[in-house]
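A quick write-up on the structure given underneath.
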There are 2 protein chains.
Amino acid sequence: MSLEKLGTEVRRRQIAAAALEALAAGGPKALSVGAVARRVGLVPSAIYRHFRGKDEMTVAAIGLFRERIMENIRAVREESPDALERLESVLNRHVRMIRDNIAMPRVVFSDSLAGGPAGAKKLVLGNIRLYLDGLADIIKEGQAAGTIRPELAPETTAVMFLGLIMPAAILWHLTEGGFDVTRHAARAWSTFRNAIAVNTSSQKRGGR
Amino acid sequence: MSLEKLGTEVRRRQIAAAALEALAAGGPKALSVGAVARRVGLVPSAIYRHFRGKDEMTVAAIGLFRERIMENIRAVREESPDALERLESVLNRHVRMIRDNIAMPRVVFSDSLAGGPAGAKKLVLGNIRLYLDGLADIIKEGQAAGTIRPELAPETTAVMFLGLIMPAAILWHLTEGGFDVTRHAARAWSTFRNAIAVNTSSQKRGGR
DNA sequence: CTCCTTTGTGAACATGAATTCACATGATAC
DNA sequence: GTATCATGTGAATTCATGTTCACAAAGGAG
């Protein structure tokens, strides 16, 4: 097959990436040692040169995923100083990720890994927590800057933000692309923005 | 084991229920013929007296789930004529379902079934569609009655409503009950309600 | 060039889960 | 009460997948 031999560091990355793709494309069932190996152009047993077993491979895939998603959030921080614009940008990036990868919904939103390795569940949870923290930070800064309503709980708002995308992502891949994620995101954002932004006109109604 | 023999109709229901529970408790991995059989107090091969195979069993479980969830929505319609109150009630029922079953997130929100039988994916999609339609109907009625903002797209709003619960459900079972779903639902609802309710005070700002 | 380590290969092995089948046993009609 | 059919059982079969192992080949060090 592939005549070349590569260093184990390179291979580990390749394999982790392939595993993530496999997971994205076919769900947990497609995350088999054989399938991943074939993606990289290797034979199943070769995987064991670079990983202790399937579990370690899965963990590596989740780790790679975290890198990508956090990079996503980090980049947004540099785009704009305004919290609302940042959130909108995150949302748009999500939409793009959904249309490219489909990995996001499968990894973060799904329970795919729950039945997998013991640590996977905690890792996924860790990813989500990190991500939510990132969102919550943006929100807090927005509140400090006076653009986001101060009476909102940042954590709750972050989870709600996640809720703007999650169902859309599920629908997208359940309909195999038939659901218009972009349109949904645009409309939902419009409503959500109104809900969390400080009113520009001269009003100050209470939260409830 | 179980000395009694039951009619196949009764058994089918029992098995479907057990399958749903198994799915709820342990995810797709736990949805094995053997595990389900054990739950009912049968031996694996006995399942084949009532179902053609695992796929048909899975489909039955999804069907049973649809019954339950739609019953949930139907009941709310009788509780109150007001759209907002109905939505709040649906939300509360969801919270309760999450804490009892955990079946909901696993079935509706997850891709668990994607790798399963060919038809399962479409069935799950059908369930979600039905559910969203039910929500959208409530929203439309609210708009007609003048309690929900008319400029909102009912479908988008229904999906957003789903987004109030979905991430919370995932977090709930990822943290094994550590995430406070009730509190999140209460807070998120407060914000969401403000976003979709017609302002009672004398204002009429545009949607965007 | 030669040696030695690392990486890749194919076959073999283990395991778990779905499915089938011959047989047993409960329920039911006559 | 007996015959019959539906339901339940346990063993056997098949299949997919994770994993191990002995061997081959690439690539660098000397």
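Given the structure is predicted, the values throughout are model-derived calculations rather than measurements. In what follows, chains are A, B, ... by sequence order, proteins preceding strands, each numbered from 1.
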With a 4.0 Å limit, can you tell me whether B/Arg11 has a side-chain N or O closer than that to the phosphate oxygens OP1/OP2 of D/dA6?
no

Check: B/Glu85 main-chain N/O paired with B/Ser89 side-chain donor or acceptor under 3.5 Å:
no

Between P of C/dG26 and CG of B/Leu42, the distance in whole Å
15 Å

Is it true that a side-chain atom of A/Lys121 and a backbone atom of B/Thr175 form a donor plus acceptor pair closer than 3.5 Å?
no

CE of B/Met57 versus C1' of C/dA17: gap in Å, rounded?
12 Å

Which residues pass the ring pair (Phe, Tyr, Trp, His ring centres under 6.0 Å) test with A/Phe51, sequence neighbours left out?
none

Choosing from D/dG8, D/dA22, D/dT7, which nucleotide comes nearest the side chain of A/Arg49?
D/dA22

Do side-chain atoms of B/Glu79 reach the backbone of B/Arg86 as a donor and acceptor pair under 3.5 angstrom?
no

Close N/O contacts between protein and nucleotides 16-19 of chain D (under 3.5 Å):
residue, atom, partner, partner atom, Å
D/dG18, OP1, A/Lys54, NZ, 3.0
D/dG18, OP2, A/Val33, N, 3.0
D/dT19, OP2, A/Tyr48, OH, 2.8
D/dT19, OP2, A/Lys54, N, 2.8
D/dT19, O5', A/Tyr48, OH, 3.2

With sequence neighbours excluded, what pairs up with A/His184 under the ring pair (Phe, Tyr, Trp, His ring centres under 6.0 Å) test?
A/Phe179

So, does A/His50 get its side chain near the phosphate of C/dG8, meaning an N or O under 4.0 Å from OP1 or OP2?
yes

Calculate the interatomic distance between B/Phe51 atom CZ and D/dT7 atom C1'; express it in whole Å.
14 Å

Which of B/Ile170, B/Ile98, B/Val95, B/Val90 passes side-chain contact (heavy atoms from CB on, under 4.5 Å) with B/Ile165? Answer is B/Ile98

